[in-house]
Amino acid sequence: MFGQTLYVQWKWNRDFLAFYTFVAFTAPLVILWVALPHLGLSSARELVRVGGVVGIVVAVISVCAGMTVAWQGYGLDERVGHIYALSLPLTRTRTLVMRAASALALLTVPALGVWVGSVLAATQVTLPPSLHSYAGSLAGRALLAAWLAHACMFALRYSAGRRARAVLFALTLIVGSLGFATEAVPGARSTIVGTAEFLISNPGPFGVFFGRWSLIDV
Amino acid sequence: MTHAITIDNLSYRAGQHFAIRDLRMRVPNGSVYGFLGPNGSGKTTTLRLLLGMLPPADGTITVLGHDVPRGAHRALARIGYVPERLHLYPMLSVAETMRHHASFYPTWNASEAERLRRAFDLRDEQAVGRLSKGEAGKLMMLLALAIRPELLVLDEPTDGLDPVVRRDVLAALLEYVSAHGATVLVSSHLVHEQERICDWIGVMDGGRLVAEMPMHAFRSGIKRLRIAGAPPQAAAAPFGILARRAGAGREEEWVVRDWRDDMTSWFASGSASVREVVDLDLEESFVETLRAARDAGGRAA
């Protein structure tokens, strides 16, 4: 049952997964390949900065991959009016758990791309003794971020249905307005910043998105 | 008589203009129950409610002994469902669709599925999204039958199919039902098709079940009478009056239900006589039942 659910999601998402896996694999290699001629081999600070750039690019790719798989996966059922999924002899909870598990399995593929690309990229440089490459941690963080992004997007589509685009746009507007309010309304700044910090710092719910993403670090 | 489906006081509202109100319905075990009604009468919504796909606003639904929607997943394991439109994943092939479907049903009969695939002339590698309407209808029927269901819920299963495909699909359905004694609830507006296969009939209109009876009662109990003279008070009639219209000359034309031949004597209690009793076919009975329900609804409003 789970295998068939996974197979359906794989077949529907495989082009996007191939794209994100390719980008996730090549991004660390390309960034280091472009940056290396400009760096001294012993420039630790520069290497950490380039490792951070790799981390940010991997974060963006992971979030995009998670959101795309969720949007696509939900869209597949929406195309057929959700009739098939609802007519299967499963509770809604079990259906959601299987979807979440299959998403985790699928998003492992681009995370593996991150890991292999990062390992290969790290072999291009000789790191000074004070620095280390964190390919495994970066790939693990990429997987968690992609899965969380998937869960957020799936929840949005599940709750908002056909109005998902409008709700997404409204959420973006709200976040933008709050950002503006921190500057324009002096009294609101501490509340907004405090709430935002709780959300985006560990162990806040979105901490995995905003923690330290880096391929090369001390 | 036990019932495969029992619905009481079911209410559901979708938007401003459509509602199902106080629906009561009984589908006897082992029957082939035809669910008739014009487009937009609420047939598909009722089917989705009894499969647990939509949450009712009020009322109770019991399907194969399970409360729906709470126990819908248990009931669904014993139900073969064919919706009105293709509901399968378009990028899967026929073989992949069969494998996917089989994984959810422990009762899946692989050899029967393969036999039906050959009989329906479906190729394993055909993509579902590229199937013709007839092929899609056959595949959905195959999936519904291969799980060996106790109850088949079919929503316009032959609508838009050519006569050859329709015959194949109905033949497979009847073969299964006669072999396994399954209950069938089949929604359609193809009245003549219902007449051929159903032994119970329910007529839906405007979100209400306006008639529910055995097919033989529906077919033989509704008559058109040509009445001459002045009949007694209609309110005292021992039969139901669906319609009453002026006929030629001083005659009247009545459409009645629950008619028996010995009831002609009732007219003689006035100064009227029955000149002619005309059997209505199912389609005429259906139209007259709907017309009467709408007239009654209009008067009530």
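Here is the naming used below: chain letters follow the sequence lines, and residue numbers restart at 1 for every chain.
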- Using non-hydrogen atoms and a 4.5 Å limit, figure out which bit of B:Arg78 sits close to chain A: side chain, backbone, both or neither. neither
- Sort B:Tyr81 into side chain, backbone, both or neither according to what part of it lies under 4.5 angstrom from a heavy atom of chain A. side chain
- Please check if the side chain of A:Arg141 supplies one atom and the backbone of A:Val208 the other of a donor-acceptor pair under 3.5 Å. yes
- OG1 of B:Thr46 to CD1 of B:Ile5: how many Å apart, nearest 0.5 Å? 10.5 Å
- Between CG on residue B:Leu209 and CD1 on residue B:Ile7, distance to nearest 0.5 Å: 8.5 Å
- Message: Under 4.0 Å between a side-chain nitrogen and a carboxylate oxygen: does that hold for B:Arg148 and B:Glu112?
- Response: no
- Query: Does B:Arg117 come within less than 4.0 Å of B:Asp124, counting only side-chain N to carboxylate O?
  - Reply: yes
- Engaged part of A:Phe2 at the chain B interface, taking heavy atoms whose separation is under 4.5 Å: neither
- Message: Is A:Arg79 close to chain B through its backbone or its side chain, or both, or neither, when contacts mean heavy atoms under 4.5 Å?
- Response: side chain
- Query: Using a cut-off of under 4.5 Å for heavy-atom pairs, which of B:Leu51, B:Leu92, B:Ile79 has the most such pairs with chain A?
  - Reply: B:Leu92
